[in-house]
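Heads up: the structure comes next, in structure tokens.
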Amino acid sequence: MINRASQLFLPTLRDDPADAEATSHKLLVRGGFVRQVSAGLWTFLPLGWRVHRKVERIIREEMDAIGSQEMFAPVLTPAELWEKTGRHGIPELFKLKDRSGRDFILPLSHEETFTFHAAELQSYKQLPQLWYHMQTKDRDEPRPSGGLIRVREFIMKDSYSFDIDEAGLDKSFELNREAYVRIFERCGVETFAVQAESGIMGGNESRDFLAPSGSGGNTLVTCENGDYAADLEIAHGVPRAPDFPPPLDAPEEIETPGVTTIEALAALLSVDEAATSKAMPHTKSDGTVVLALVRGDDRLEEAKLLAAVGADVRPSTEDEIRGAFGADPGSLGPVGFKGEVIADETLRDGQFVAGANRTDWHLKGVEQGRDFEARFVDLRVPKEGDRCPNCGGALQFQTAIEVGHIFKLGTKYSEPLGARVLDEDGNERPIVMGSYGIGPGRIMAAAVEQHHDENGIIWPRELAPYDAHVVALPGAEAIAEQAAEVLSAAGYDVLLDDRDARAGEKFADADLIGCPIRITAGKKSLEDGKVDFKDRATGEESRLDVADLGKEQ
RNA sequence: CGGGACGUAGCUCAGCCUGGUUAGAGCGCUGCGUUUGGGACGCAGAGGCCGACAGUUCGAAUCUGUCCGUCCCGACCA
């Protein structure tokens, strides 16, 4: 197949767009792959759509290979379905009405719709089932950003598995996990499958596929020895040991006028920040106050606290704090506090400085067990310098794009939507479900983030908009045509640059667009009746006979 | 939702602080000519409701207010 640049809508740009920050955003816009319509809303131009479809094709092949069945569900969805599962209140959900006032939503995933269809299943004999579709999703993102990285409307491949029990789900989950690994491999995108937060999907277990990149909404934590990978939100790190002062037999009160920060406290007492504790009171949805306690040099991970508390929490207001502690923020601590104390693991051993629950006073030598009781969990945000929880190796942090996310949902959707089947014993049981999402647009962005140089994109072979970019220079149009024909006959998709433009311009566009190989026909190669070959990734060049094209490259 | 920045030609930007007749540059675009292996050159052109509205003023791209839009940081986030 041959496309001619002279007839394509391929608006390449010389300058970076002013509103772009992420590399993939800049290059996809400059290369004429995508254009923004509004914040988080993008049109895929002809080349961008070709790449998108190549990603889709890979996904389809791998889904079909594990026996997943493709179908197609509507975007517009009656609100009742989402009311039944309790997801109607999600703030990101676009809501609308039809002319008679009936409520609809634009879904951000299709659990409800697919479970609605699964309700038609009747017997365990019909299970397992694995269904998928590729469909538009809408999310009223508070802050779209990074080009294709975070958008308000996008196409997602989402799959749903239906099993009779947990063991079946485990199998379906594993099947999909393996398929995902193959998909990312074929797309040339390096990913890490990590334990992740389940977010608004709910469910028991989930695994996130994170692609390291220059930009992105997630932080990937990995061990230098390769035995640990996690999303920062749930990652564990082992921090350095504190430099403790000599222990005390009992806590000692010390006046700390006007000292409300850890830095000031540590400086005033000449003590290691890591030997202090930080009290962060939170209020549960039922109004009770719990105290989250982390080491002075650490930050609290709200998501971990949320999981530990098992209820909605928010930072307490100053009034609530005074009510519960009898002191101002800045002088709070666990000693004497009547509510629950949830402390980070790092505070288990040693004596720490803590607030005295008396404004402008702190306590030295506070020790858990002796001076207060607490429940110990991991609450801190890992940071640079932490060691691996498995092997003690150095942890590394890098920004990443979440390109896929798979969940064990259990019966979270099948129960409320009445998707039940009869088991072998004739008992009605809710179907055990999993869901598996992947974003082709994000895969494109991640591929560009991972494969580019100062001149443009270097597409992985399976994603490139064309397999070969043939550049026709003046006087060599005929041989360029011939080269394109030969490549096309060999099964290559070819972009033939037949525009009336200067050589430099064509080369610059070819580098920017990033097809794996470039074939140039011009005066130089014409002398011996050949064409010039250039590998986009390596820069390697050679002169070839037209007849040999498409054979070895 | 909190903080910040920006909005002038298709793109990237100057002009605004210190208001003054016809609003500029580079790139891109059209025509003609010369050029032609890494974004050429000359000549001639087209292209703007200066984000919107309201105010101040004899006069507003420029000052004030409100709104809208876009981006960045945070909150949030399949």
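Proteins come first, then strands; the chains are lettered A, B, ... in the order of their sequence lines, and each starts at number 1.
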Inset, instruction - Encode nucleotides 6-15 of chain B as B, S and - characters from 5' to 3', where the letter depends on protein heavy atoms closer than 4.0 Å: B to the base, S only to sugar-phosphate, - to neither. - result: -----SSS--
Please give the distance between the [atom1] atoms of [N] and [M] as a whole number of Å.
{"N": "B/U70", "M": "B/G47", "atom1": "P", "result": "29 Å"}
{"N": "B/U35", "M": "B/G19", "atom1": "C1'", "result": "48 Å"}
{"N": "B/A25", "M": "B/G45", "atom1": "P", "result": "13 Å"}
{"N": "B/U8", "M": "B/U62", "atom1": "P", "result": "14 Å"}
{"N": "B/C49", "M": "B/A61", "atom1": "C1'", "result": "12 Å"}
{"N": "B/G15", "M": "B/A54", "atom1": "C1'", "result": "25 Å"}
{"N": "B/G69", "M": "B/A23", "atom1": "P", "result": "30 Å"}
{"N": "B/U12", "M": "B/G51", "atom1": "P", "result": "15 Å"}

Closer than 3.5 angstrom, by distance alone: can the side chain of [X] be matched with the main-chain N or O of [Y] as a donor-acceptor pair?
{"X": "A/Asp208", "Y": "A/Leu210", "result": "no"}
{"X": "A/Asp298", "Y": "A/Arg380", "result": "no"}
{"X": "A/Lys95", "Y": "A/Gly89", "result": "no"}
{"X": "A/Ser414", "Y": "A/Ile431", "result": "yes"}

Take atom [atom1] of [X] and atom [atom2] of [N], then tell me their distance rounded to the nearest Å.
{"X": "A/Leu148", "N": "B/C71", "atom1": "CG", "atom2": "P", "result": "13 Å"}
{"X": "A/Asp231", "N": "B/C76", "atom1": "CG", "atom2": "P", "result": "14 Å"}
{"X": "A/Glu302", "N": "B/C76", "atom1": "CD", "atom2": "P", "result": "7 Å"}
{"X": "A/Ile234", "N": "B/C77", "atom1": "CD1", "atom2": "P", "result": "15 Å"}
{"X": "A/Leu306", "N": "B/C76", "atom1": "CG", "atom2": "P", "result": "10 Å"}
{"X": "A/Leu512", "N": "B/G28", "atom1": "CG", "atom2": "C1'", "result": "15 Å"}
{"X": "A/Glu141", "N": "B/U70", "atom1": "CD", "atom2": "C1'", "result": "16 Å"}
{"X": "A/Leu232", "N": "B/C77", "atom1": "CG", "atom2": "C1'", "result": "15 Å"}

Only pairs with both distances under 3.5 Å count, Watson-Crick or wobble alike; so what is the partner of [N] in this structure?
{"N": "B/C27", "result": "B/G10"}
{"N": "B/C76", "result": "none"}
{"N": "B/U66", "result": "B/A52"}
{"N": "B/G33", "result": "B/C41"}

Inset, instruction - Tell me which nucleotide among B/C76, B/C71, B/G38 gets nearest to the side chain of A/Gln36. - result: B/C71
Might you list the N or O atoms of the protein lying below 3.5 Å from N or O atoms in nucleotides 30-37 of chain B, with each pair's distance?
from: B/U35; atom 1: O2; to: A/Arg502; atom 2: NH2; distance (Å): 2.6
from: B/U36; atom 1: O4'; to: A/Arg502; atom 2: NH2; distance (Å): 3.3
from: B/G37; atom 1: O2'; to: A/Lys524; atom 2: NZ; distance (Å): 2.9
from: B/G37; atom 1: N7; to: A/Lys523; atom 2: N; distance (Å): 3.1
from: B/G37; atom 1: N7; to: A/Lys524; atom 2: N; distance (Å): 3.3
from: B/G37; atom 1: O6; to: A/Gly522; atom 2: N; distance (Å): 3.0
from: B/G37; atom 1: O6; to: A/Gly522; atom 2: O; distance (Å): 3.1
from: B/G37; atom 1: O6; to: A/Lys524; atom 2: N; distance (Å): 3.3
from: B/G37; atom 1: O6; to: A/Ser525; atom 2: N; distance (Å): 2.7
from: B/G37; atom 1: O6; to: A/Ser525; atom 2: OG; distance (Å): 2.9
from: B/G37; atom 1: N1; to: A/Asp532; atom 2: OD2; distance (Å): 2.7
from: B/G37; atom 1: N2; to: A/Asp532; atom 2: OD2; distance (Å): 3.1

Inset, instruction - For A/Ala22 and for A/Lys137, find the nucleotide of RNA chain B with the closest heavy atom, then tell me which residue's nucleotide is more 5'. - result: A/Ala22
Inset, instruction - Would you mind telling me which residue lines up with the more 5' stretch of RNA chain B, A/Lys157 or A/His25, judged by nearest nucleotide? - result: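 Per heavy-atom nearest nucleotide, the more 5' residue is A/His25.
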Inset, instruction - Output all residues satisfying side-chain contact (heavy atoms from CB on, under 4.5 Å) with A/Lys278, sequence neighbours left out; order by chain, then residue number. - result: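 A/Ile262, A/Met280, A/Val294.
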How would you label the contact of [X] with the nucleic acid (heavy atoms, under 4.0 Å): base, sugar-phosphate, or nothing?
{"X": "A/Lys506", "result": "nothing"}
{"X": "A/Pro144", "result": "sugar-phosphate"}
{"X": "A/Gly147", "result": "nothing"}

What pairs of donor and acceptor atoms, side-chain ones from residues 501-508 of chain A against any protein atom, are under 3.5 angstrom apart with sequence neighbours left out?
from: A/Lys506; atom 1: NZ; to: A/Ala472; atom 2: O; distance (Å): 2.7
from: A/Lys506; atom 1: NZ; to: A/Asp497; atom 2: O; distance (Å): 3.1
from: A/Lys506; atom 1: NZ; to: A/Arg499; atom 2: O; distance (Å): 2.6

Legend entry - Donor-acceptor side-chain pairing of A/Tyr132 and A/Glu70 below 3.5 angstrom: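 Yes, side-chain donor-acceptor contact under 3.5 Å.
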Go through the structure and list residues passing ring pair (Phe, Tyr, Trp, His ring centres under 6.0 Å) with [X], not counting sequence neighbours.
{"X": "A/Phe173", "result": "none"}
{"X": "A/Trp82", "result": "none"}
{"X": "A/Tyr160", "result": "A/Phe114"}

Under the salt bridge (charged side-chain N to carboxylate O under 4.0 Å, His left out) definition, can you give me all pairs with a residue in [range], not counting sequence neighbours?
{"range": "residues 520-529 of chain A", "value": "A/Asp528-A/Arg543"}
{"range": "residues 439-449 of chain A", "value": "A/Glu402-A/Arg442"}
{"range": "residues 470-482 of chain A", "value": "A/Arg4-A/Glu481"}

Inset, instruction - Using a cut-off of strictly less than 4.0 Å, decide whether A/Arg143 has a side-chain nitrogen or oxygen near OP1 or OP2 of B/U70. - result: no
Legend entry - Set of residues satisfying salt bridge (charged side-chain N to carboxylate O under 4.0 Å, His left out) with respect to A/Lys530, sequence neighbours excluded: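 If we apply the salt bridge (charged side-chain N to carboxylate O under 4.0 Å, His left out) test to A/Lys530, skipping adjacent residues, the hits are A/Asp545.
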Legend entry - Nucleic acid contacts - residues 175-182 of chain A versus RNA chain B, non-hydrogen atoms under 4.0 Å: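 Per residue number, the list is empty: none.
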